[in-house]
Amino acid sequence: MYVPFENLPEDSRIWIYQSNRKFSDQEMAEIDADTNSFVERWSAHGIGLEASYLLKYNRFIILAVNREVQAATGCSIDESVRFIQNLEQKYDVDLLDKMNVTFKLGDHVAHKPLAEFKKMAKEKAVSENTIVFNNLINTVGELHENWEVPAAESWHSRFF
């Protein structure tokens, strides 16, 4: 069952998927409709999940579940991964590769393979102050506090 994202408790579980390219506005409209439909019917052991999603920067899909009502189970998580895999095929993008880094260069959101980001750090093309997206976070509260952070405050700090 869909609920507005802002109505979810801070300890709601999230999953962040980043695209290796920016989606067009048309693609975002389609992804919004598809994701809304998925979240409406998302369930665990036949019980509807109180769930929501955010689409950010034409690049991120964030799924969320209020675990105070019903926690996502292995099967329901598998169902969400299949949904994301279908989006990957439909839009010819990579949403599941965790070996990529997304970060801000001014107002631009950039996406690079991890090895290239490490090289950029070594060459000082990015710094400890570069805003990175820490996709290892797990809750809505962490999303608000620790998703967009200076590289020095995330797991990316080891490259500086």
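For clarity, every value in this text was computed on a predicted model and none was experimentally measured.
- No option in F117, F133, F103 other than F117 meets the ring-ring contact (aromatic ring centres under 6.0 Å, His included) test with H156.
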Original post:
For W155 and V132, what are the C-alpha separation, side-chain angles and deciding distance, and is it a side chain to side chain contact (heavy atoms under 4.5 Å, CB included)?
Top reply: CA-CA 10 Å; W155 66 268; V132 295; over 6 Å; no
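- No more than 12 heavy atoms of other residues, nucleotides or ligands sit less than 6.0 Å from atom CD of E145.
- For the residue pair Q18 and Y57, no side-chain donor N or O sits within less than 3.5 Å of a side-chain acceptor on the partner.
- Contact detail for L105 and A110: the closest heavy-atom pair is CD1-CB, 4.2 Å.
- Residues L63 and L49 share a hydrophobic cluster, clusters being chains of Ile/Leu/Val/Met/Phe/Trp/Tyr side chains in contact below 4.5 Å.
- Note on V109 and V149: separate hydrophobic clusters, where clusters join Ile, Leu, Val, Met, Phe, Trp and Tyr whose side-chain heavy atoms are under 4.5 Å apart, directly or indirectly.
- In this structure, K104 pairs ionically with E148, as a charged nitrogen and a carboxylate oxygen lie closer than 4.0 Å.
- When atom types are taken as modelled, the side chain of R67 and the backbone of D11 share a donor-acceptor pair closer than 3.5 angstrom.
- Surrounding NZ of K98 are more than 12 heavy atoms belonging to other residues, nucleotides or ligands, all under 6.0 Å away.
- Minimum interatomic distance between S52 and Y2 (heavy atoms only, all atoms of both residues): OG-CE1, 3.5 Å.
- Taken from CG in L95 to CD in Q85, the straight-line distance is 10.0 Å, to the nearest 0.5 Å.
- For the residue pair E30 and Y91, a side-chain donor N or O sits within less than 3.5 Å of a side-chain acceptor on the partner.
- Remark: the backbone N or O of K22 is not paired with any side-chain donor or acceptor of S19 at under 3.5 angstrom.
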Evaluate side chain to side chain contact (heavy atoms under 4.5 Å, CB included) for H144 paired with E10, printing each intermediate quantity in order.
CA-CA 9 Å; H144 295 140; E10 293 286 296; 3.3 Å; yes
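- No side-chain N or O of D97 forms a donor-acceptor pair with one of N20 less than 3.5 Å apart.
- If you chain together ILVMFWY residues whose side-chain heavy atoms come under 4.5 Å of each other, V69 ends up in a group of its own.
- With a 4.5 Å cut-off on side-chain heavy atoms, T130 and S127 count as touching.
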Verify ring-ring contact (aromatic ring centres under 6.0 Å, His included) between F60 and W147, making sure each step is shown before the conclusion.
-> CA-CA 12 Å; F60 295 95; W147 185 45; 4.9 Å; yes
Please lay out, stage by stage, how D92 and R21 fare under the test salt bridge (charged side-chain N to carboxylate O under 4.0 Å, His left out). CA-CA 10 Å; D92 191 27; R21 69 166 174 84; over 6 Å; no
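- W15 is connected to V93 through a chain of hydrophobic side-chain contacts under 4.5 Å among Ile, Leu, Val, Met, Phe, Trp and Tyr, so both are in one cluster.
- The OG atom of S154 lies 11.0 Å from the CD1 atom of I137; values are rounded to the nearest 0.5 Å.
- The two residues I77 and A72 come nearest to each other via the heavy atoms CG1-CB, 3.9 Å.
- Contact detail for W42 and S76: the closest heavy-atom pair is NE1-O, 2.9 Å.
- Cluster annotation: I14 is not connected to F83 through the hydrophobic network of ILVMFWY side chains, with a link wherever side-chain heavy atoms come within less than 4.5 Å.
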Side chain to side chain contact (heavy atoms under 4.5 Å, CB included) assessment of H111 paired with R59:
CA-CA 9 Å; H111 180 87; R59 194 177 282 275; 3.3 Å; yes
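- Side chain to side chain, Y17 and N135 fail the donor-acceptor criterion of an N or O pair below 3.5 Å.
- At least one donor-acceptor pair under 3.5 Å links the side chain of N58 to the backbone N or O of F23.
- A donor-acceptor pair under 3.5 Å links the side-chain atoms of E142 to the main chain of T139, judged by distance alone.
- Separating the CD1 atom in I16 from the CD1 atom in I62 is a distance of 5.0 Å, to the nearest 0.5 Å.
- The local environment of NZ in K119 is sparse, with at most 12 non-hydrogen atoms from other residues, nucleotides or ligands closer than 6.0 Å.
- Under a hydrophobic clustering in which Ile, Leu, Val, Met, Phe, Trp and Tyr are joined whenever their side-chain heavy atoms come within less than 4.5 Å, directly or via other members, V3 and I47 fall into different clusters.
- Summarising the geometry of L96 relative to E88, their closest heavy-atom pair is N-OE2, 3.2 Å, with the distance given to 0.1 Å.
- With rounding to the nearest 0.5 angstrom, the CG atom of N138 is 11.0 Å from the CG atom of L143.
- Rounding to the nearest 0.5 Å places NZ of K90 at 9.5 Å from CD of E27.
- The nearest pair of heavy atoms linking I61 to I31 is CD1-CG2, 4.0 Å.
- One finds the OG1 atom of T35 at 8.0 Å from the CE atom of M28 (value rounded to the nearest 0.5 Å).
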